[in-house]
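Beneath this line is the structure, given in structure tokens, with notes to follow.
Atoms considered below: every heavy atom in the structure, side chains included; atoms not considered: hydrogens, waters and symmetry mates. So that the names make sense, note that chain A is the first sequence line, chain B the second, and so on, each numbered from 1. As the structure is a computational prediction, the values presented were derived from the model and not from experiment.
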Amino acid sequence: MELSRRDFLKLGASAAAALGALGGTALVTRAHRLDRAGWAGHRVGDVARIASMCQGCTTACGVIGTVKQGRLISITGNPEDPNSRGSVCAKGAAGPSVLYDAARMLYPLKRTGGRGEGKWKRITWEQAYDEIAARLRTIRERGHPEQFAFLQGRNRSTDIVSRFLNAYGTPSHFNHRALCSLNRRAAMLATVGDSDWDLGDYENTDYVLNFGCNFAEAHQGHIPTVTRIMAAREIRGAKIVTFEARLSNSAAISDEWCCVKPGTDGLIALAMGNVICAEGLWNKAWLETWTNYPAHELRSHLERYTPELAEAESGVPAATIRRIAREFAARAPRCTTISNRGSHAHWNGFYNDRAIILLNAIVGNMGEVGGFNWFPFEAWDKKQLPEPRPVPPPPTARSVIADAADWPLANAWRGKAMRVGEIVFLWIKERRQTIGALMTYNVDPVWAWPESELVAEVLRDEALVPFHVCLDAMYSDTAHLADIVLPWTTWMERWDIDARPPAHLVDYVGLRQPLVKPLGESKDIREIFPELGRRIGGGMETYFPWKTVEAYLEEYYRPVPGGFDHMRAHGVWQDPAKKPNYRPFAQQLDAGELEGSTLDPATGILYKPPPPGGKDRVAIGIMIGGQAVRGFSTPSRKLEVHSQFVADKGNERGKQIEPLPIYAPIPDHQRGLDDRLIMISFKWNVHNAHRTMQSKWLSEIVHSNPAWLHPETARRFHLAEGDWIEVTSYRPTRADVPHDDGSEVGRLKIPVHITEGVHPLVIAISHNNGVQQGGRVAAGRAPAAGIEGLGSSPDPDVENNLWWSRETSIAQNSLLPIYPDPRSGQQAYHDTLVTIRKI
Amino acid sequence: MECALDATGRRDLYRLVARLLGEEIDAPLYRRLLAAQGEAHPWIEAEIAGLPEQAALEALHSEYCRLLVGPYPQCPPFASVVRGEAMLGGRARISLDELLASLGLVVDTHARIPSSDHVAVVFAALAELSDPAQIAACLRDVVLPWVPGWLSALERAAERALFRTLARVAIALLEEEQMSLIQTNH
């Protein structure tokens, strides 16, 4: 019998009724609203979930520590963190392996033999404080506070460090910015002015044009960036094109990888700009409205940078350059560039990044949804959450080394002193500044710095550095040359107020809080510096009135709704009233902001009178199309294609700095490489500076660093996979850098890895290896090169389970010459010429 | 065979071992050891004894640091490390903590040890025990699996008589303890 549809429905209904009568569990039930507030600040029995922030690197992702009976069990991401949104990488997840590393330094140590002999005795904190305070007090009372030098590596406790050093009065506050991101920041400041850090609106973009940024592994914000770029690809079908000398993991996950000769990214960008302008694909109206250089003159300027020239220099075909330029322009305004050390850590890196930023202006994507953006500050809103008073004033003493006058752009922008870290020890050796005491904090220059043997030589010399205190969590090559070693807490045992450049263009504030009590007698600088300040005295103590760190932070977070309690429960706060920082230059000035202002009719710039105590009027905006708008924080209040500011800074120091973005070929790379190769450095995602190689978990993932060579190069030198070579490096010649005499810097022996994933002119070596004093797990070892590492270990887990113990791990940094970009001081990490020979 | 130590002697010797393993020797104890030492196995060798007291103490503190504190101590004194755990203070620490709790003992908060599975804690706990059953449990569960081997390693690694002699004394003490337990059927 044929059943009709109606019959079937009746049949089904009776069966459904029968099922209903039976009861049972539904497959899907209505979900309860996820109580995200319960993810952190939550305790079940003896298990607590504590919100904090990672410091495995500088990205400072929000994390949740799961703690049972006082022991950290795991680190996962904090979904409430608006930047990292619950993601965390291996470095963060490996937190327990760092926290409970049996080789951690947990007690203050004082050396008993000569520096570098490795003989120590344990002292008390009382003894350490007494000696350090006495030394520093003597220097201060002599009237030369600048003789106390502080060298920091990764510092996420910027408030307490500045408070201590300013209260002391020393300007000798050295950092590693020139070894990291100086050129990128200088290019942004010169061009945009508002910020030194670009933040593409990656999640909303349709095209990412990447010049030398390893955003998936080694970017200073890699988690917020890569998660958004991947989201754009998945949701919007965004295209990612990467220009890099090596097939990094970022290049590998891109849609296209263009292999470039190091130092030519800027030329490619200029050639693209040429194509876009010449073919009328530009946003001429945007250029005419918002930049300080006539569009037709810009087009003329770019004409010399042809795709053919770029091909001849970079190796990227002209047709590819044209195609990508057209694709990029076609996606505007939902397109953006991203760049990092691959483009800017070069002798010509400042110019390279200026050219890359210019591309965005040419297509008019600046400040747009999906386009090239930025944020005015890279931490929390310090007007909304001001530092608790009293705040010490900046020092009045001068430091020749910190001033780094030879590099006009290193400290050109007020409030953005970047210094030139790689010349610190050279200038100490040259006695350009007397050092009475040095404190190194979370940094390992003996391993990390270019010409690292020079660093070791200086630190061994008690005439040059009479007193050296090293503050770190693990013993290092630098700690080995200290007089006193202070055991610093890991990021899982301390407090910080912290925040990073917001990838979502809205600022937030975070809290780093102890997940467990500090192990042993390790302490954080938030405890050490106030105590030292009180003991040094002489007025320093007035800047440390809080009895506990918590009391200080409680005051700091008072403006947050719910205050410190909210921060402890959630780990972050973001003001819901704030909106993304799109088109900040077009924001109109309201009547209140305009009150008291005057217009300069020649420039259209609006000024307010000088503030109390100041001499100069203050620019607040500019008239554009009859409207008073904010404009850019540059001298012209426009995006500066032409920067007279940088040219003037150069002239002040007798150096020529081109005001327009140009291509400045690297001198040594132009003189004919002959049999030389260009050595570049790179970083793995699981490692960060000297801080991670001791971790068993992380080193198990990456523990060796063979030299990458292209098959063509291998054939030229008759090399097969695994063959050993000796690499000899040379200082640059006639490059306007210290000691540019082409002399030999150093040699190392290393095996080769042959791959098409590297430019034929390049030898690529990861620098995340070869710490000599970092313990057996981190130690450099290359038995075939005579580097045996540290021999057997009394730790059975290391002795029996270090399955990679014969892998090659060699420190590269000793081969790098001190090689600052003459304009800015940025270390040129990727320009060193080397020779290789099979051994 | 009669026990070589009475209860008081046993306790004092455990306390001495715990003291010398738990922190650096101080001046009063140094002087007492100098006075008490024998010819065959001196506590303080002539090279050290001949130094001014401050220099002697610094030499011994440096050796203590090299062996037990770091950087990268020659003989990491933690059960968790010696028993091959990946991280400091894991399962072995929990076992020791549970044992201490069952015995009504806690580690002094002022002790300069970062994890309660420190070898000094073991000897300090033994010093507080008198019940043969408890001593037997402590030896079986906590001490014998790793401490004798660790003491042998200490003896081999030590460059100063203080620690070589200490290791030998501690080994002898534990052997004596085991003998005593066998005799009392524990």
Is it the backbone or the side chain of [X] that comes under 4.5 Å from a heavy atom of chain A, or both, or neither?
X	answer
Ala86(B)	both
Glu85(B)	backbone
Arg112(B)	both

* Counting a contact as any heavy-atom pair under 4.5 Å apart, which residues of residues 691-701 of chain A contact chain B? ->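 Against chain B, the residues of residues 691-701 of chain A that fall inside the cut-off (heavy atoms, under 4.5 Å) are Gln694(A), Lys696(A), Trp697(A).
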
Under 4.5 Å, counting heavy-atom pairs only, tell me which of [options] racks up the most with chain B.
options	result
Lys119(A), Arg776(A), Glu521(A), Arg111(A)	Glu521(A)
Lys121(A), Arg104(A), Gln69(A)	Lys121(A)
Ala103(A), Ala102(A), Gly775(A), Ser793(A)	Gly775(A)
Thr112(A), Val798(A), Leu109(A), Asp797(A)	Asp797(A)

* Where does the angle between the aromatic ring planes of Tyr129(A) and Trp125(A) fall among parallel (under 30°), tilted (30 to 60°) and perpendicular (over 60°)? ->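 Judged by the thresholds at 30° and 60°, the geometry between Tyr129(A) and Trp125(A) is tilted.
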
* Asked: Between Tyr72(B) and Tyr475(A), what is the ring plane arrangement, given parallel below 30°, perpendicular above 60°, and tilted in between?
  ->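 The arrangement is perpendicular - the two ring planes meet at more than 60°.
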
Relative to chain B, which segment of [X] carries a heavy atom at a distance below 4.5 Å: side chain, backbone, both, or neither?
X	result
Pro518(A)	neither
Ile123(A)	backbone
Arg71(A)	side chain

Looking only at heavy atoms and a cut-off of under 4.5 Å, which of [options] has the most pairs with chain A?
options	result
Glu23(B), Arg83(B), Gln74(B), Arg66(B)	Gln74(B)
Ile94(B), Leu60(B), Val81(B), Ile113(B)	Val81(B)
Gly70(B), Gly89(B), Pro76(B)	Gly89(B)

* Asked: Where is the tightest heavy-atom contact between Pro73(B) and Pro794(A), given as atom of each residue plus distance?
  ->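 Heavy atoms of Pro73(B) and Pro794(A) come nearest at O-CG, 3.5 Å.
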
* Under 6.0 Å from the six-membered ring centre of Trp488(A) and within 45° of its axis: does the NZ or CZ of Lys523(A) meet both? ->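 That pair does not qualify as a cation-pi contact.
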
* Partners passing side-chain hydrogen bond (donor to acceptor under 3.5 Å, both in side chains) against Thr124(A) (at least two apart in sequence or in another chain) ->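 Partners of Thr124(A) under the side-chain hydrogen bond (donor to acceptor under 3.5 Å, both in side chains) test: Gln127(A).
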
* Salt-bridged, Glu53(B) to Arg31(B), with N to O below 4.0 Å? ->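 Result for this pair is yes, salt bridge flagged.
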
* **Lys/Arg N to Asp/Glu carboxylate O, Arg10(B) vs Asp6(B), below 4.0 Å** =>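 Looking at Arg10(B) and Asp6(B), the cut-off is not met.
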
* Count the heavy atoms of every other residue, nucleotide or ligand shown that sit under 6.0 Å from CD of Gln54(B), and state whether that count exceeds 12. =>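 Check fails, neighbour count at 12 or below.
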
* Asked: Is the ring centre of His480(A) less than 6.0 Å from the ring centre of Trp447(A)?
  ->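 So the answer is no for these two rings.
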
* Option from Leu151(A), Leu459(A), Ile484(A) for which side-chain contact (heavy atoms from CB on, under 4.5 Å) with His468(A) holds ->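 For His468(A), the side-chain contact (heavy atoms from CB on, under 4.5 Å) test succeeds with only one of Leu151(A), Leu459(A), Ile484(A), which is Leu459(A).
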
* Do Val516(A) and Tyr100(A) have side chains that get closer than 4.5 Å, going by heavy atoms? ->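 Side-chain contact under 4.5 Å: yes.
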
* Asked: Passes side-chain contact (heavy atoms from CB on, under 4.5 Å), Val82(B) versus Asp795(A)? Steps please.
  -> CA-CA 6 Å; Val82(B) 177; Asp795(A) 179 341; over 6 Å; no

